[in-house]
Amino acid sequence: VIVTGLAKFQRYPSITQQTKDIMMNLFFTYVCTTILITVLLQADIFGISFKRFAGIFLPSDSVYKQNLDSLAVYDDLVGNWYIDIGYKIWFTWLLLAFTPHTFWPLLQWAREQLGYYMGKKQVLQKNVMKWIEAEEFDISDNYADTMMVIFVPLVFSAGIPMLIPLSFFGLWTRYISFKYQFIRFSRIPKTYDESLDFKVSQVM
């Protein structure tokens, strides 16, 4: 919401350029919130402990400080790292393989029914259209989400090979969900040029 909202205050020469910037910002945000924070919190890189740095901002008698102190610190991707941290990434990807996109069509259907119900109660035509008009397909968010599902398993799959089939199921379920959502619930989208696809291919 914040990334998309900030983009509206910037002057972009085209809708494609705006979408590319939103997509890249969302992609980096998703990677940081799902993976990078989890990895760095228990990392000791060249003597720099991120856990110790985070502990500075917590009171010594805080439950959060005690939980933070109990976390092991690693300076390499050793076997214990995959046992202690890798399973968290695997479990996150198990959830991402089927959620939240599998529930979006259900939420869209509920929104559609609410729109029809409220539209019937309106007097002015413009208010009716406001309620029953379908939402635009959010291509920037869906692109960023798909890129994350591809990118992260390629980074960690050497030590967690089960991420590969989980990503396959994640991409498969996303394809079905996005296709159904695009055809059934979305209004005609804006026109984008080929540079959007080129940017995704370039990043990958």
Side-chain angles (χ1 to χ4, degrees), residues 1-43 45 50 54 77 81-82 85-105 107-108 135-183 185-187 189-204:
V1 173
I2 294 174
V3 170
T4 306
L6 289 175
K8 295 179 179 179
F9 291 96
Q10 297 175 280
R11 296 179 180 271
Y12 288 95
S14 65
I15 186 64
T16 303
Q17 184 61 47
Q18 176 179 318
T19 303
K20 282 195 294 186
D21 285 357
I22 294 175
M23 176 188 68
M24 293 306 302
N25 291 335
L26 287 174
F27 171 62
F28 290 128
T29 302
Y30 291 159
V31 171
C32 288
T33 54
T34 57
I35 297 300
L36 201 58
I37 293 176
T38 304
V39 173
L40 290 180
L41 187 60
Q42 294 181 241
I45 304 174
F50 295 90
L77 304 183
W81 184 93
Y82 286 104
I85 301 174
Y87 92 92
K88 300 174 185 176
I89 299 174
W90 182 89
F91 187 72
T92 300
W93 245 243
L94 178 64
L95 295 177
L96 286 178
F98 303 101
T99 59
H101 55 281
T102 50
F103 296 102
W104 288 341
L107 295 176
Q108 291 284 354
E135 291 184 345
E136 186 178 320
F137 188 77
D138 193 353
I139 193 170
S140 57
D141 187 21
N142 294 331
Y143 250 137
D145 180 66
T146 303
M147 289 167 63
M148 180 190 66
V149 172
I150 297 172
F151 174 76
V152 174
L154 291 180
V155 174
F156 295 106
S157 60
I160 318 173
M162 277 299 293
L163 287 177
I164 297 296
L166 282 179
S167 294
F168 167 77
F169 283 111
L171 292 173
W172 180 64
T173 54
R174 276 166 174 76
Y175 171 75
I176 296 174
S177 176
F178 291 163
K179 181 179 179 180
Y180 183 72
Q181 180 183 353
F182 181 79
I183 296 174
F185 296 109
S186 300
R187 68 172 182 259
K190 297 181 178 71
T191 301
Y192 304 92
D193 60 40
E194 66 279 2
S195 63
L196 184 62
D197 286 332
F198 178 76
K199 182 65 175 181
V200 174
S201 302
Q202 188 182 42
V203 172
M204 289 291 101

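Values reported hereafter were calculated over all heavy atoms of this structure, with side chains retained and with hydrogens, waters and symmetry mates removed.
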I need the single residue from Asp141, Asp21, Ile22 that forms a side-chain contact (heavy atoms from CB on, under 4.5 Å) with Val3. Which is it? Ile22

Pairing residues for Asp138 by the side chain to side chain donor-acceptor pair (under 3.5 Å) criterion, not counting sequence neighbours: Ser140

Using a cut-off of 6.0 Å, state whether more than 12 heavy atoms not belonging to Phe169 lie near its atom CZ. no

Apply side chain to side chain contact (heavy atoms under 4.5 Å, CB included) to residues Met23 and Val200 and explain how you reach the verdict. CA-CA 9 Å; Met23 176 188 68; Val200 174; 3.5 Å; yes

What are the two closest heavy atoms between Met24 and Met147, and how far apart are they? SD-CE, 4.2 Å

Contact list for residues 143-163, test side chain to side chain donor-acceptor pair (under 3.5 Å), sequence neighbours left out: Tyr143-Asp197, Asp145-Arg174

What pairs with Gln42 under side chain to side chain donor-acceptor pair (under 3.5 Å), at least two apart in sequence or on another chain? Asp84, Lys88

Could you tell me which non-hydrogen atom of Leu40 sits nearest to which non-hydrogen atom of Phe50, and how far apart they are? O-CB, 3.0 Å

Least distance between heavy atoms, His101 atom then Gly170 atom: NE2-O, 4.1 Å

Phe198 atom CZ, neighbour heavy-atom count above 12 within 6.0 Å: no

What's the separation between atom CG in Leu96 and atom CZ in Phe91, rounded to the nearest 0.5 Å? 10.5 Å

By ring-ring contact (aromatic ring centres under 6.0 Å, His included), Phe27 pairs with (sequence neighbours left out) Phe151

State, with a plain yes or no, whether a side-chain heavy atom of Phe137 is found less than 4.5 Å away from one of Asn142. yes

So CE of Met162 and CG of Leu94: to nearest 0.5 Å the spacing works out to 8.5 Å

For a side chain to side chain contact (heavy atoms under 4.5 Å, CB included) check, start with the C-alpha distance between Ile164 and Phe168, then their side-chain angles and the critical distance, and finish with the verdict. CA-CA 6 Å; Ile164 297 296; Phe168 167 77; 5.9 Å; no

Side-chain heavy atoms of Gln17 within contact of Lys199, under 4.5 Å: no

Between Ile139 and Leu196, does a side chain to side chain contact (heavy atoms under 4.5 Å, CB included) hold up when you go through it step by step? CA-CA 10 Å; Ile139 193 170; Leu196 184 62; 4.0 Å; yes

Walk me through whether Ile89 and Tyr82 qualify under side chain to side chain contact (heavy atoms under 4.5 Å, CB included). CA-CA 9 Å; Ile89 299 174; Tyr82 286 104; over 6 Å; no

About how many Å separate CD1 of Ile150 and CE of Met204, when rounded to the nearest 0.5 Å? 6.0 Å

Which residues pass the side-chain contact (heavy atoms from CB on, under 4.5 Å) test with Pro105, not counting sequence neighbours? Ser177, Tyr180, Phe185

Heavy-atom closest contact (Leu95 atom, Thr99 atom, distance): O-OG1, 2.5 Å

Quick one: does Thr16's side chain have a donor or acceptor within less than 3.5 Å of a partner on Tyr192's backbone? no

Side chain to side chain donor-acceptor pair (under 3.5 Å) against Thr102, all qualifying residues, sequence neighbours excluded: none

